[in-house]
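Letters A, B, ... are given to chains in the order of the sequence lines, protein chains preceding strands, and every chain is numbered from 1.
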Protein chains: 2
Amino acid sequence: MSKRNAILAAATRLFSRNGFQGTAMAELSTITGAATGTIFHHFKNKEDLFLHVLKDVKESVLEQFDRHQQTCRNQKGIEMVEGVIAFYLHLAGTMEDQFLILHRHYPYQMAETSMVCRSHLESIYTCLLDIFEEEIKKGMQDGSIAVDSPRKTAMVLFAMVDGIVRLNTYRVYDAGTLYDSLITACRRLLTGGR
Amino acid sequence: MSKRNAILAAATRLFSRNGFQGTAMAELSTITGAATGTIFHHFKNKEDLFLHVLKDVKESVLEQFDRHQQTCRNQKGIEMVEGVIAFYLHLAGTMEDQFLILHRHYPYQMAETSMVCRSHLESIYTCLLDIFEEEIKKGMQDGSIAVDSPRKTAMVLFAMVDGIVRLNTYRVYDAGTLYDSLITACRRLLTGGR
DNA sequence: AAACCAACCGAATGATCGGTCGGTTTTTAA
DNA sequence: TTAAAAACCGACCGATCATTCGGTTGGTTT
């Protein structure tokens, strides 16, 4: 693996575990074996490095969901929604670092000054909400889903699923056993109970 | 206001806006007009200061909810749930700094090493989940709510509401118009659609 | 009035931070 | 083969960080 990629990989882990300000370039240097000069040769400063990490996060998350979307056509809308929720929970486990970065407060703070940062975050959320919305619309057509506003329902649904992932990450309560309740809630929310 | 309280108030704002590592004791000194020596006279170090801030957050949040619980008895379970959700959203606005601290990742990281921190966080979440659970149980008795597990439903419900508050805080999407959808979702989730 | 004490001050300290720079090695391409 | 370019190195820099410490103040107790 090239030094550049090693730096990106290690930075992803450090930024997610220790946050932006909690991550020292010197530590990154130690872990990767790259001199500090090398890091600043590839990335013009710490913020630039973070932006590249976020870009990678965006690309891998979007790729994962695009791939998932292609493997499950020809289902009823509500089944597809349940499928994407299960996939979201699955990803939260396999891409723990990437999700943790998105759950930290720093990126959203940086987004207020950095357009690049903002656009990465918007890409991710737009993609996710679009998927939810499209599947809800499909469910409304095939009769498996009945709601007022697809977009708003998508946002509430996403907030619920992502909230569960957070509860799990923070380890204040064990939300690992909540999968069944989450799916039940989702189904009730989308069908109105039938 | 005593210097000690001024320090606590300013620290609450700085910790919530800039995070733990992003808050400099020197800035705290400038804002409050207290010498750095004075800060360290009242709090033995930065972490200790943070712990006292978190303690205040816990106490004010718990007090608010206790007070709210006393003003709305004699309602049906589902109405009480909807009431506490509305109150939660209301508090997220009036106690913005306190909620933001709880939405940051740092406290949960500190909770892994500091028992004091962990117990503050647990107090808050236990209180909130207990309220949701109690009201769901009440609704099950008066027939306004029908779910399988009150506790798990409480957690899913809480994750949903808190997720909406986060979406709002992060300003990636305007979740301010989601109140009606949230209540609708809540009602469907609790009644199964009747 | 003497002794005491908590609140308060701010200069000083050593560690650590992000970032630079001059130079060396490796890769690329002609 | 060679020259230019890209990758890489690590000592070094000034700024900033949390924390310390010797000393002052004003009120209370003895």
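- Between B:Phe132 and B:Tyr88, a ring centre-to-centre spacing not shorter than 6.0 Å is recorded.
- If you look at A:Phe50 and A:Phe43, their ring centroids are not closer than 6.0 Å.
- OP1 and OP2 of C:dC8 both lie 4.0 Å or more from every side-chain N or O belonging to B:His41.
- Mapped onto DNA chain C by nearest heavy atom, A:Thr23 and A:Gly37 fall at different nucleotides, with A:Thr23 at the one closer to the 5' end.
- Here C:dT16 presents its P atom at 15 Å from NZ of A:Lys46, a figure rounded to the nearest Å.
- Whole-Å rounding puts the B:Phe43 CZ to C:dA7 P distance at 11 Å.
- The ring of B:Tyr106 has its center no closer than 6.0 angstrom to the ring center of A:Tyr106.
- Among the nucleotides C:dC8, C:dG10, C:dG19, the one closest to any side-chain atom of A:Phe40 is C:dG19.
- A:Phe65 and A:Phe87 have their aromatic ring centers within a separation under 6.0 angstrom.
- The ring of A:Tyr170 has its center no closer than 6.0 angstrom to the ring center of B:Tyr125.
- Taking atom CG of A:Asn18 as the reference point, atom P of C:dG18 lies 12 Å away to the nearest angstrom.
- Looking at heavy-atom distances under 4.0 Å, B:Gly33 makes contact with sugar-phosphate atoms alone, never a base.
- A:Asn45 places its CG atom 11 Å from the P atom of C:dG18, with the value rounded to the nearest Å.
- Side-chain proximity of A:Thr38 to D:dC9, D:dA18, C:dC9: nearest is D:dC9.
- Base contact: A:Thr36 has a heavy atom under 4.0 Å from a base atom.
- A:Thr32 comes within contact range of no nucleotide atom at all, as no heavy-atom separation falls under 4.0 Å.
- Straight-line distance from the NZ atom of B:Lys44 to the C1' atom of D:dA18: 15 Å, rounded to whole Å.
- Atom-to-atom, CD of A:Glu27 to C1' of C:dC17 comes out at 13 Å; the value is rounded to the nearest Å.
- The side chain of B:Lys3 contributes no N or O atom lying less than 4.0 Å from OP1 or OP2 of C:dA7.
- Going from atom CG of A:Leu28 over to atom P of D:dC8 covers 13 Å, rounded to whole Å.
- A straight line from CD of B:Glu47 to C1' of D:dC17 spans 16 Å, rounded to a whole angstrom.
- Heavy-atom distances to DNA chain C give each of A:Gln21 and B:His42 a nearest nucleotide, and the one nearer the 5′ end belongs to B:His42.
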